[in-house]
Amino acid sequence: MKSVITGSGIALPPHVVTNDQLSRIMDTSDEWIRTRSGIEQRHFAVAGQGSAELGSMAGEAAIRDAGLKPEDIDVVVFATMTPDHVLPGNGPLLQKRIGLRQVPTFDLRQQCSGFLYGLDLADSLLRSGKFERVLLVGAETHSGFMPWDQGWKVVLGLSDEEPSDEEKAWNTLSRDRTVLFGDAAGAVVVEKRENGAAGLLRTRLYTDGGGAEALTMHGSSFKQRPFVTKEQIAAGETIPVMNGREVFKTAVTLMPQAVRDVCADEGLAVADLDLVLIHQANLRIIEGVQKQLGLPSEKVPHNIERYGNTTAATLPLLFHECKQNGLAGPGKLIAFTALGSGLHWGAALYRM
Ligand code: UT7
C-alpha cells in the first residue's frame, strides 16, 4: 500500500504588498529584504480572514482537483502556527466551512515543518487501515502578529498618509521578522493505493527541544497569570522572536542531512532526485541547501520571492505550482524538506 497525493489546491489572499510598500511604514528597504531573504512581495489577508478560511479554500480546491466531493474525505490534518483561535483548533472550523461529514480532525503545531509532519501522519492514518482519504492542509495568516496601526492602511492601499515617526520607530523594532512573512494556504488530498510506483516512499522526522528558544513567542502563555499582560503587548512580545543567524546555520546543515537520510533509506543517491522542494524561509538558505546537496538550480525550484515565508503553507504551495508548471510530472522523484520552530525538521521522499 502507498499514500498517494491525488489532488492539490492553494489559496492566496488578494492583497499583494511589495518591499517598497513596507519601507513606507518602517525603516527598511527593498534592497535589504531582497538581498538578505530573496523576498520581493507577499500576500496579506485583511482583518477578519483567518487561516481556517484560507485553509478551507485550499482544501476545497484540493478535493475538486482529486475528483472527489467533501463527503468523501474521512479525516483532516490541519497544520498552522497562526490558528483563528487558541481553542478550538482550525480543524473543526474547516470541517464546518467545507461541509465535511463529522469526521475526525487533527490540529498540528509543527510550524514550518507542519506539512512534512502532516504528510507522515496522513501516511500513518492510511496505513492504520482506519481511513481512506485524508485532507492535509497547511495555512497561515501571519499578518495577525504584525503590530502595525496606520501602517496597515498604507500597505493595504487604504490610505496614503504615512504613519507617525513614533509608529515607524515602533514598526522598525520588529522589522527583522515582519518583512519575512506572508499569508497563504496549500492543501493536498492523500489517498490509499494498493498498486503502483507512485506515492510516499519514506519520511524522516526529527525534533530538538534544545533549540526551542531559537524561534518562539514569549508574549502569551498559560503558565503565566494572566495569559497575556499589557506589558508584554507594549513590549511587542506577541510577535515571534528568532535568532535568525542560528536558525539559518542549523537549516543549511540539517535539511541537506535529512534529504540524504531519506535517499539512503531507499537505496537512492541524491543525484537521483528530480526535484527538492525546500521550506521557503530564505532564498539564501534554499541556495545553501542546494549547494550542500550538489544539485543544479533547475532541481530546486522556489517561489519565496512572490509569497515570503508562509510557514506550514510553503511546501504545499510550491508542490501545487510544480504540478501546474509540469516540473512535478508523472514518475518524478521529489524530496520535501523543512526546518523550523521546535526545532522540528525532516524530509520526505515522494514518487509522482
Ligand atoms: O521559517 C522558519 C525558519 N526561519 C528561518 O529559517 C530564518 C533564518 N534566518 C534568516 O533567514 C536570516 O538570518 C534573516 C533574514 C532573518 C536575517 O538575515 P541576516 O543576514 O542574518 O541579518 P542580521 O539579523 O544579522 O541583521 C543584519 C543587520 C542588522 O543591523 P546591524 O546590527 O548590522 O546594524 C539588523 O538590525 O540588518 C538589520 N536589519 C534590517 N535592516 C533593514 C534587520 N532587519 C532589517 C530590515 N531592514 N527588515
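Ligands are counted one by one from 1 in listed order, and the atoms in each one are counted from 1 as well. These figures come from a predicted structure and were not determined experimentally.
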For [X] and [Y], which I'm curious about, is there any donor-acceptor pair between the side chains at under 3.5 Å?
{"X": "Gln95", "Y": "Thr105", "result": "no"}
{"X": "Glu53", "Y": "Ser56", "result": "no"}
{"X": "Tyr307", "Y": "Glu321", "result": "yes"}
{"X": "His142", "Y": "Thr82", "result": "no"}
{"X": "Gln21", "Y": "Arg24", "result": "no"}
{"X": "Thr203", "Y": "Asp123", "result": "no"}

Contact between [X] and ligand 1, counting heavy atoms under 4.0 Å?
{"X": "His279", "result": "yes"}
{"X": "Cys112", "result": "yes"}
{"X": "Val179", "result": "yes"}
{"X": "Gln111", "result": "no"}
{"X": "Met242", "result": "yes"}

Quiz item: Within the distance-only criterion (no hydrogens, no angle test), does the side chain of Thr229 pair as donor or acceptor with the backbone N or O of Gln232 below 3.5 angstrom?
Solution: yes

Under 3.5 Å donor-acceptor, Asp30 side chain and Glu40 backbone: no

Give the atoms of ligand 1, by number and element, whose distance to some non-hydrogen atom of [X] is under 4.0 Å.
{"X": "Leu180", "result": "16 (C)"}
{"X": "Ile285", "result": "6 (O), 8 (C)"}
{"X": "Ala281", "result": "1 (O), 5 (C), 6 (O)"}

Requested in this report: Determine the interplanar angle of the Phe336 and Phe115 rings, folded into 0 to 90°, and report it as parallel if under 30°, tilted if 30 to 60°, perpendicular if over 60°.
Outcome: tilted

[atom] - nearest protein heavy atom and its distance:
{"atom": "atom 43 (C) of ligand 1", "answer": "Trp32 CZ2, 3.3 Å"}
{"atom": "atom 24 (O) of ligand 1", "answer": "Arg245 NE, 4.6 Å"}
{"atom": "atom 1 (O) of ligand 1", "answer": "Asn309 ND2, 2.7 Å"}
{"atom": "atom 22 (O) of ligand 1", "answer": "Arg36 NH1, 3.3 Å"}
{"atom": "atom 35 (C) of ligand 1", "answer": "Arg175 NH2, 4.1 Å"}
{"atom": "atom 18 (O) of ligand 1", "answer": "Arg284 NH2, 3.5 Å"}
{"atom": "atom 10 (C) of ligand 1", "answer": "Asn282 ND2, 3.5 Å"}
{"atom": "atom 5 (C) of ligand 1", "answer": "Val247 CG1, 3.6 Å"}

Is there a polar contact between ligand 1 and Ser37, counting only N or O atoms under 3.5 Å apart? no

Ignoring angles and geometry beyond distance, decide whether Gly244 reaches within less than 3.5 Å of ligand 1 through its nitrogen or oxygen atoms. yes

The reported gap from NZ in Lys2 to CZ in Arg127 (rounded to nearest 0.5 angstrom) is 8.5 Å

dist Arg64:CZ -> Ser8:OG (nearest 0.5 Å) comes out at 11.5 Å

Practice problem: Assess whether salt bridge (charged side-chain N to carboxylate O under 4.0 Å, His left out) is satisfied between Lys168 and Glu162, documenting all intermediate values. | Solution: CA-CA 9 Å; Lys168 277 190 185 172; Glu162 291 197 2; 2.9 Å; yes

With heavy atoms and a 4.0 Å threshold, my read on which part of Leu215 contacts ligand 1 is side chain

The answer for which part of Ile33 has a heavy atom under 4.0 Å from ligand 1 is neither

Looking at Thr28, Thr178, Leu22, the heavy atom closest to atom 47 (N) of ligand 1 belongs to Thr28

Point to revise | Salt-bridge present (Glu191, Arg133; N to O < 4.0 Å) | key: yes

Point to revise | Salt-bridge criterion met for Lys192 and Glu194 (N-O under 4.0 Å) | key: no

Less than 4.0 Å from atom 30 (O) of ligand 1, is there any heavy atom belonging to the protein? no

Check: atom 41 (N) of ligand 1: protein heavy atom closer than 4.0 Å?
Finding: yes

